[in-house]
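None of these values were measured; they are calculated from a predicted model.
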Amino acid sequence: MAQLPSPGAAAIGVGSATFALGAGHLVAAAVAPPASPAVAVASTLVDRAPRAVKEWAISTLGTADKPALVAGVVLVVLALGALAGVLQPRHRLGTWLFVALGVLSAAAALTRPDAGPVSALPTLAAVAAGSLTLRTILPSRSRFDPVEMSIRGRRDVNPPAQPPSDPVRRTLLTAGALTAAGGGLAYLGMRLGAGTAGSATPFALPAPARPLPPLPAGLEATVPGLSALRTPVADFYRVDTALLLPRIDAADWRLRIDGDVDRHIELTFDDLLAMPMVEADITLNCVSNPVGGEYIGSTRWLGVLTRDVLARAGVRATADQILSTSQDGMTISTPVAALTDARGALLAVAMDGKPLTREHGYPVRMVTPGLYGYVGATKWLTRLTATTYAAEKAYWSTRGWAEQAEVKTAARIDVPRRGETVPEGQVVVAGVAWSQAHQGISRVEVRVDEGPWQEAELGPDVGGHYWRQWRWTWEAHTGGRRFTVRATDGEGTIQSGEIAEPAPDGASGWHGIAVTVR
């Protein structure tokens, strides 16, 4: 085959890289989904990224940060594939570039917390597929170099055939076929690994020992746009580092409790379901939530009191933290006191009357009232280790976040929306407020521009660990206006108006929005 011009060789390189990624993803789906080359590299980038980059990704991209990162990794690999195609005729340098990428990918897969003996196989498959394809379609220039052949005493070898009459068309067809084949392999991998997404296997929920009364009707029925009193599971926020959802069979699930305890124990899922079940209405809040942000949700949880589980192992007085570990290796540190006091921290198995979905931690997750998720809401829980803050550091603790972080009192305006134009006359201003660590919300106040604070009407009181809806009616006048809201907790303390970014222990400040009245 005659040497292709650089654009054609680059196209073949892109096709080969796509084929390689597809092959790697298919093998990963069969043996170790997190070891898919693009996913393993992206996961390593998540772990290595500076805190400022993580905060920017969450605040800018929200829950789309994970697919955006994987897409970015794929685009970089395809760009390097194009370079490999251009370099390949030069003594197979393109093949060596694929090998170098494979070394990086294998290192990423093998150093993941959940790595196993087969974690390098997907990368090996990808390198083999990409390299062989590249070597076959783009032979090294020296292979047909007449000068080199004469030096080797091979003058009788005929020169290669002339290029086809339409090399551009042939190149595009070949590159397209490779890309389509790679996409097909990736699709098969996604189909094979379809069990890693969507709803988890349902099971019969045990009845709680003392069922709670039904949640009251919220204000959302009369205030369109106001957050529902109970957040639907489909709308419940998700912030974590998992690029692929762990695939856990409840029948195989085990919870290990070890460390500074009297007895090391292991519980099965059936063991957990056989313990007394507790219902609890709890609001969860992400520490990355900015003032007025949406990384917060409220629902009814069902699970076992964490203190009952820890009591079986007998946590010693020398331990001051429980280091919890997720199926994917994520670690979270929680004060022992927060898991054993009267607040009622749970090992939850259900939310909103249904088993947990995989997105929200199936089959078991932690739910700790009063603490931000990163210090008390481990998903896909598999281990609880009694230890000390001095001896063990959790994932986020090593990245500059506070080791212990209580949820701060805060309020948010849901309606009207920021920048909205509202008509003159009566305008309803409404939102939610929360103060989990201080006996809930006792008062919400709103002001227009720099005017006096006006007390808002509070919605139903579900409990101190649950948010409170509120609304206030204002007689609107023409012009630009700014609404500001603040809340008072159950102990009579007004939330801080001091503006602070989420890091290291949660955002603070009064939420304000500007609107135009016409």
* Would you name the heavy atoms of Ala350 and Leu205 that are closest together and state the gap between them? => CB-CD2, 3.6 Å
* To do: Could you go through the salt bridge (charged side-chain N to carboxylate O under 4.0 Å, His left out) check for Arg254 and Asp252 one step at a time?
  => CA-CA 6 Å; Arg254 298 292 184 273; Asp252 298 329; 5.6 Å; no
* **Criterion salt bridge (charged side-chain N to carboxylate O under 4.0 Å, His left out) on Glu403 and Lys393, from CA distance to verdict** => CA-CA 8 Å; Glu403 289 184 325; Lys393 301 295 181 184; 2.6 Å; yes
* Is the charged tip of Arg399 near the ring of Tyr395: under 6.0 Å from the six-membered ring centre and within 45° of its axis? -> yes
* How close do Arg230 and Arg300 get, heavy atom to heavy atom, and via which atoms? -> CD-N, 4.5 Å
* Just say parallel, tilted or perpendicular for the rings of Phe269 and Trp253, cut-offs at 30° and 60°. => perpendicular
* Asked: Hey, does the side chain of Arg383 reach the backbone of Leu255 with a donor-acceptor pair shorter than 3.5 angstrom?
  -> no
* Asked: Is a donor on one side and an acceptor on the other found under 3.5 Å between the side chain of Glu279 and the backbone of Leu212?
  -> yes
* Whether Asp114 side chain and Gln327 backbone form a donor-acceptor pair below 3.5 Å -> no
* Asked: Does any N or O in the side chain of Gln436 come within less than 3.5 Å of the main-chain N or O of Thr283, such that one atom is a donor and the other an acceptor?
  -> yes
* Asked: Just by distance, do the side chain of Trp96 and the backbone of Gln88 share a donor-acceptor pair under 3.5 Å?
  -> no
* What's the verdict on side-chain contact (heavy atoms from CB on, under 4.5 Å) for Leu347 and Met366, showing C-alpha distance, side-chain angles and the deciding distance? -> CA-CA 5 Å; Leu347 299 189; Met366 293 173 63; 3.7 Å; yes
* Structure fact -> Glu406 meets the side-chain contact (heavy atoms from CB on, under 4.5 Å) criterion, sequence neighbours left out, with Leu371, Ala437, His438
* What closest approach, in Å, do Trp401 and Pro502 show between heavy atoms, and which atom pair accounts for it? -> CZ3-O, 3.6 Å
* For residues Ser298 and Trp434, determine if any side-chain heavy atom of one lies less than 4.5 Å from a side-chain heavy atom of the other. => no
* **Heavy-atom pair with the smallest gap, counting every atom of Ala10 and Val86** => CB-CG2, 3.9 Å
* Asked: If every non-hydrogen atom of Asp328 is compared with every non-hydrogen atom of Pro246, which pair is closest and at what distance?
  -> CB-CG, 4.3 Å
* To do: Considering non-hydrogen atoms only, spot the tightest contact between Ile282 and Trp301 and give its length.
  => O-NE1, 3.2 Å
